[in-house]
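This report refers to the structure that appears directly beneath it.
Residue numbers begin at 1 in each chain, while the letters A, B, ... track the order of the sequences. Computed from a predicted structure; not experimentally measured.
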Amino acid sequence: MREIMFENEKSFIKTKIKDYLETEAIDDPAIEFRQIPFSGEWGLAVPLFPVAASEARSGKRVIVPQRAQELAEGIKTSIGQAPPGFSHLEAINGYLNLYFSNAAYARRVVDTVIDAGAGFGRGTARHQTVMVEYSQPNTHKSFHVGHLRNVILGGAICRILEFAGYEVIRANYLGDIGLHVVKWMWNYLKNHRGEVPGENKTHWMNEIYAEADSLFQDSENEAEVRELYARWNARDPEIVALWQETRQWSLEGFEQIYNLLGESFDRIYFESDVEDSGIALVQQLIDRGLAQDERPDGPVFIDLDAVLGTKEEYRVLVVLRSDGSSLYATKDLPLAIQKFSEYDLDKSVYVIDVRQSLYLKQIFKTLEILGFDWADKLYHLPYELVNLPGNVTMSSREGTVVLFDDLVAEATQRAKDIVEVKNPELADSVKDKIAEAVALGALKYTMLSRDNTKVVTFDWDAALDFNGQAAPYIQYAHVRAGSILRRAGEALPEAVDFPDQLEKAEVDLIELLTRLPAEVQRASEDFRPLVIANLAFDLAKAFNDFYNTCHVLNAEPTVRAYRLRLVAAAKQVIATSLNLLGIAAPSSM
RNA sequence: GUUCCCGUGGCCUAAUGGAUAAGGCGGCGGCCUCCGGAGCCGUAAAUGUGAGUUCGAAUCUCACCGGGAACACCA
């Protein structure tokens with residue numbers, strides 16, 4: 001917003017600075033605007049270090065920091081009186097600081113936010129389409145905390161991209177075929193025939209899978225599973241029908257989870273849909289001499305390093321097993337092609353954990369070699385794993401996974417207990433809704449408030465801690481703001497002037513409101529929801545500070561009026577930033 | 001062996017190459033005649049090591065140390 005709102009002032013200042021520097025025989029100086037770090041007043045900072053440094057480089061004997069300060073002072077003197085819209089100037093530490101007139105700035109910010117409402121911070125339409133593929137669960141299996149990071153990250157990325165001005169297509173790619181599915185069906189036929197899932201479908205599906213997995217250790221059982229696999233491969237109608245029915249249960253289970261998380265998809269792809277086209281594509285690769293076929297003694301593979309003349313960089317990509325059955329690579333190649341044939345994409349993002357970086361690099365490179373001109377639009381967004389304390393990887397085989405529904409149930413129960421204490425008079429259904437908003441918000445914030453490249457160590461206590469830098473803290477600030485507005489018992493006052501003398505807490509809060517538009521852009525460019533997570537917390541903290549030091553309802557009428565507007569603006573920006581993270585902003589809790 | 005990621009107070013996490021490295025948790029000490037205490041205030045405590053680039057480095061480069069990951073038929 002600062003960029004949008006102060007272009008005139010900036011260009012005016014720039015001209016003034018250039019005029020002065022010309023008298024110092026400096027042409028075409030590098031002038032940039034930064035933020036003034038110390039809170040209390042708003043303004044623009046112009047560092048003179050780059051100018052002084054370029055003088056030094058051109059041979060002039062100057063000590064850069066001293067010279068920067070000298071230039072800052074010189075400019076200050078030459079400008080003289082503060083230009084319109086500014087209150088005063090300052091030359092310090094090699095910076096020229098230009099402070100805005102507080103009253104005008106504050107009013108401009110608050111009015112802008114209130115007028116724009118939920119649209120405040122939205123970027124202008126870019127007319128570019130981005131597909132984001134995320135979640136990618138396997139049917140017939142569990143949904144655990146590791147999957148959760150992917151969904152939450154992918155969902156937040158989509159919201160941020162949309163808000164930043166992109167057209168977003170949410171894609172999901174489900175692993176609905178393979179050994180794990182056959183194992184599941186084998187166990188079902190042998191030990192659970194006729195059973196149907198209960199309330200929690202994913203949980204039930206996983207129980208049968210986990211049992212199958214442990215029974216599979218027995219070689220006799222393994223032989224039976226292989227036998228069933230053969231029937232599947234021969235498309236035995238009975239098995240195909242069972243597959244369709246049981247897959248549907250999984251899909252319904254995932255739908256339950258996505259509904260709870262507030263996620264939905266525009267396009268769902270299945271592995272089973274791209275397997276045949278993938279095998280056909282492999283044949284083309286062989287025919288073109290790109291892939292080497294060693295069947296039946298070896299697999300079909302592409303020696304990328306040999307093709308590209310690189311060394312130990314792209315390695316070897318196996319595209320078909322020696323028995324002719326498909327692999328991930330068999331299917332990811334046609335899937336990418338299908339995506340671009342269905343949509344006119346400017347970018348295709350894969351939200352997949354960091355361990356698959358080389359694999360995706362190989363896939364993207366292979367598509368480039370095949371001559372698809374959109375290959376440079378493929379982008380892998382890697383994220384680190386969720387581990388258990390002691391850097392233990394979650395493994396369903398070793399029973400160390402934290403299941404999604406167990407986690408949500410525990411978090412919701414704890415939130416409910418607190419609501420019971422805080423708001424015993426609320427209706428039970430309302431309490432449940434609040435508990436869910438708080439619990440899911442806390443889990444989401446934990447995942448989003450660290451960089452994608454950092455390992456998350458899952459710890460029950462930390463995940464369920466509702467204090468400190470966590471979603472409930474932010475939601476609470478939102479509740480407090482809403483509470484003030486509600487108790488004001490009147491419509492929000494029309495735009496009013498702000499005083500020149502503002503409390504520090506007011507200044508800091510207003511300052512943070514202005515950051516949303518730029519932070520949305522930064523978060524979208526870098527695919528980093530963390531930026532928004534931090535802003536949301538900073539806003540909540542600033543609001544709480546304001547709340548404690550500046551009374552609204554019992555202030556004198558003119559103060560009350562502008563503060564009510566400030567509260568409304570703050571509430572709006574907090575809600576928007578929470579929404580971008582997929583976190584609910586309740587009105588009471 | 002090749003490549004990638006991560007090393008910031010006791011623990012967790014921030015910081016477009018810019019001013020005094022910012023928060024949270026946990027310690028310790030305070031705050032409910034006042035808009036909701038899931039809150040607020042105070043307090044001690046940190047950039048793995050060594051070079052380099054730069055006016056300026058937590059940030060960029062290189063080496064080393066420590067942790068994690070990937071590297072032909074798992075997904």
[X] side-chain proximity, nearest of [options]:
| X | options | answer |
| --- | --- | --- |
| R487(A) | C35(B), A75(B), A15(B) | C35(B) |
| P299(A) | A72(B), G7(B), C40(B) | A72(B) |
| K541(A) | G24(B), G36(B), A14(B) | G24(B) |
| R315(A) | C12(B), G39(B), U2(B) | U2(B) |
| N97(A) | A75(B), C35(B), A19(B) | A19(B) |
| H551(A) | C5(B), C34(B), A72(B) | C34(B) |
| E384(A) | C55(B), C5(B), C35(B) | C5(B) |

Could a donor-acceptor pair under 3.5 angstrom be found where the side chain of S322(A) meets the base of C73(B)?
yes
With heavy atoms under 4.0 Å as the rule, sort [X] into base, sugar-phosphate or nothing.
| X | value |
| --- | --- |
| A45(A) | base |
| Q356(A) | base |
| P382(A) | nothing |
| D323(A) | nothing |
| A52(A) | nothing |
| V419(A) | base |
| Y359(A) | base |
| R522(A) | sugar-phosphate |
| S325(A) | nothing |

In whole angstrom, give me the gap between the [atom1] atoms of [N] and [M].
| N | M | atom1 | value |
| --- | --- | --- | --- |
| G23(B) | A14(B) | C1' | 7 Å |
| C40(B) | U47(B) | P | 28 Å |
| C55(B) | G17(B) | C1' | 12 Å |
| G30(B) | C35(B) | C1' | 23 Å |

Looking only at the side chains, is there a donor atom on one of Y350(A) and D332(A) sitting less than 3.5 Å from an acceptor on the other?
no
Does either side chain, that of D305(A) or that of T310(A), offer a donor lying less than 3.5 Å from an acceptor on the other one?
yes
Separation of H147(A) atom NE2 from A75(B) atom C1', in whole Å?
10 Å
